[in-house]
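To start, the structure under review is shown below, and the notes come after it.
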Protein chains: 2
Amino acid sequence: MCCRNRHGKRFFTGELYGIDILQTIALFSGLSADQLETLSQIAVRKTYHRGEMIFHEGDKGNGIYIVETGRIKVFKLSMDGKEQILHIYGPGHTFGEVPVFQGKNFPASSMALEPAGIIFLPRDRFVKLLTTSPALGMNMLADLSRRLRDFTVQIEALSLKEVPARLAAYLLTLSREQNNEARVSLPISKAQLSNLIGTTPETISRMFKKMGDAGLIAVQTRTIELQDKEGLEELSESGRL
Amino acid sequence: MCCRNRHGKRFFTGELYGIDILQTIALFSGLSADQLETLSQIAVRKTYHRGEMIFHEGDKGNGIYIVETGRIKVFKLSMDGKEQILHIYGPGHTFGEVPVFQGKNFPASSMALEPAGIIFLPRDRFVKLLTTSPALGMNMLADLSRRLRDFTVQIEALSLKEVPARLAAYLLTLSREQNNEARVSLPISKAQLSNLIGTTPETISRMFKKMGDAGLIAVQTRTIELQDKEGLEELSESGRL
DNA sequence: ATAAAACCTTGATCTGAATCAAGACACCGC
DNA sequence: GCGGTGTCTTGATTCAGATCAAGGTTTTAT
């Protein structure tokens, strides 16, 4: 299968991949040209269509994944089919490292939320490079630490905050990610959003309505106007709606 | 302040610390005698009494902490004083690394649950050692990865399982930690336990009763006999009580 | 462009667990 | 042993949010 990526460069699905993308990724900042070259030689590209599984909880993990295009989710499923999303990642983010460093298998599953291009770095050769590059090691430690921090926030939200507070916090985070615009566009469906903040689509719908009635936001399908950031801030700090 | 530790060696609170303890810690396995010596030169010991804070959420983190004796909890508090415990650590465990690798400050607070001896490794010198020792780096990555895994389990429990399932899972984990004995002793109070699994003391009390009535366990104050591990296993997999 | 599939809203009802309020128990120093 | 302090239990009540059900809207793939 032969195609061209958005830079017009030719590539082959599942084959070697150029360094032009790799050097834009935070994890690889500070690496020498040599090291980037080495990485490019071990990188493999894969494409996924919307809804396709990237890996399953319990699978053996054989390398790290990097999102080049599209969005993916990392999630857990309960016995009875309920889903909790742990992360949603877009271009430049890495995922799937836990089994690389800890052995064992994936603690969660991963699926493409839209057509996605993923770069894969096989474990053994990545680890070898890691042991020869303190900068890469420190970047990796920083990356895992950021995720630990994110998880503490998520646990706090699930355990100590109510749904309106979690939703308000999510909207404010979105705004921060989108240049602090008062108008934000939801990057995921409301159904996915409900799985991310640990509730149901019905509840999300009702809360949006209530927040609209309270003058905090105005919802237009997938675009939400944050009319009262102050109020949202207060609500996110465990206020009541 | 001068005293003797349990090995009879003399030490000074807040001063240099011997390598005999350090080499028993998983994080430092595979290190050379030289490197252990370096570590011992930067290690500082501190003692805490029951209930004393080790650090507060939002504080600047300037190094990593290792439990030598006693137990500590890492936790978050909500606006209205409710607590969610993120980890409980005992001898040999490390904590407080997130700010070391990510900059910024502690995402959670830490308190001694009993009189505790803690070894502290200041950030700058620890990081310097890290960049010269691939083994230490890999150990650290493995450690953070294990914690990411633990967090995925905790999030799954909070979001996807009900209180009886979480409690059953906790009891089975305890049993595994205590040689798979059918009789386990609670290492923490029931009030702390309720904060760990994300509920209240009242609910814990009721669930213990229900599980007793169902013939799954028998509770004697702080000792619990797991009478039906099969049944507990099933209950922990999201069964209903 | 169109049909099918996913997604979203709204209302009615149900339920697990929190909260509030007292007592009972257990462990501590004296 | 004894009183006191902190921890645990038990019951009554309340509530946030899940679930069930059904109709309407948007998105996606072809």
Side-chain angles (χ1 to χ4, degrees), chain A residues 49-52 70-71 73 78 80-84 111-116 157-168 185-213 217-224 235 238-241, chain B residues 49-51 78-84 113-115 157-168 185-213 217-224 235 238-241:
Chain A
H49 48 255
R50 178 189 155 88
E52 188 175 354
R71 276 170 192 280
K73 67 176 171 185
S78 74
D80 52 330
K82 275 184 300 184
E83 172 180 314
Q84 172 66 46
M111 178 188 281
L113 288 174
E114 17 182 303
L158 284 172
S159 163
L160 301 175
K161 293 182 174 180
E162 302 186 337
V163 171
R166 289 180 241 159
L167 189 50
S185 71
L186 292 179
I188 52 176
S189 74
K190 287 168 190 167
Q192 296 296 332
L193 174 55
S194 73
N195 287 335
L196 182 62
I197 72 176
T199 183
T200 60
E202 292 95 326
T203 297
I204 287 284
S205 193
R206 289 185 239 274
M207 293 310 164
F208 271 146
K209 188 151 186 227
K210 273 199 188 177
M211 289 165 73
D213 292 349
I217 60 172
V219 183
Q220 295 118 45
T221 315
R222 278 212 152 192
T223 300
I224 294 168
L235 179 57
S238 200
R240 195 58 56 91
L241 196 59
Chain B
H49 49 255
R50 175 188 156 92
S78 73
M79 216 57 30
D80 52 330
K82 276 184 299 183
E83 171 179 314
Q84 172 66 44
L113 289 173
E114 13 181 308
L158 284 172
S159 162
L160 269 14
K161 293 181 174 180
E162 302 186 337
V163 171
R166 290 180 241 160
L167 188 50
S185 72
L186 292 179
I188 51 176
S189 75
K190 286 169 190 166
Q192 295 296 331
L193 174 54
S194 73
N195 287 336
L196 182 60
I197 70 175
T199 184
T200 60
E202 293 95 326
T203 297
I204 287 283
S205 193
R206 289 184 238 275
M207 293 310 165
F208 271 146
K209 186 148 188 231
K210 274 198 187 178
M211 288 164 73
D213 292 348
I217 60 172
V219 184
Q220 294 118 46
T221 314
R222 278 216 158 191
T223 301
I224 294 168
L235 178 57
S238 199
R240 197 57 57 90
L241 196 60

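Reminder, nothing fancy here: chain letters follow the sequence lines and each chain counts from 1. On a predicted model such as this, the values are computed, not experimentally measured, just so you know.
- Place B/Thr203 and A/Thr221 on DNA chain C by their nearest nucleotides, and A/Thr221 ends up nearer the 5' end.
- Each of B/Ile204 and A/Met207 was assigned the nucleotide of DNA chain D with the nearest heavy atom; the assignment lying further toward the 5' end belongs to B/Ile204.
- At whole-Å resolution of the value, CG in A/Asp80 and C1' in D/dA18 are 12 Å apart.
- Of the possible polar contacts, none joining the A/Gln192 side chain to the A/Ser189 backbone as a donor-acceptor pair under 3.5 Å is found.
- For D/dA18, neither phosphate oxygen OP1 nor OP2 lies less than 4.0 angstrom from any side-chain nitrogen or oxygen of A/Lys82.
- Taking side-chain N and O atoms only, B/Thr200 has a distance below 4.0 Å to OP1 or OP2 of C/dA18.
- Residue contacts for A/Gly198: at a heavy-atom cut-off of 4.0 Å it reaches the sugar-phosphate backbone alone, with no base atom in range.
- Rounded to whole angstrom, the span from the CZ atom of B/Arg206 across to the C1' atom of D/dT13 amounts to 11 Å.
- Atom pair B/Arg166:CZ and C/dG16:C1' shows a separation of 10 Å (rounding to whole Å applied).
- Picking from D/dG17, C/dT19, C/dT10 the nucleotide with the shortest atom distance to the side chain of A/Lys209 gives C/dT10.
- The phosphate of D/dT9 has OP1 or OP2 within less than 4.0 Å of a side-chain N or O from B/Lys190.
- A distance-only check finds a donor-acceptor pair linking the side chain of A/Arg166 to the backbone of A/Lys161 [under 3.5 Å].
- Using a 4.0 Å heavy-atom distance criterion, B/Arg222 is classed as making no nucleic acid contact.
- You'll find a donor-acceptor pair under 3.5 Å spanning the side chain of A/Glu202 and the base of D/dC20, going by distance alone.
- Proximity of A/Val219 to A/Lys190: side-chain heavy atoms (C-beta onward) are separated by under 4.5 Å at one or more points.
- Using a 4.0 Å heavy-atom criterion, one finds that A/Pro115 contacts no nucleic acid atom at all.
- Note: CG (A/Asp213) to C1' (C/dT10) measures 13 Å, nearest angstrom.
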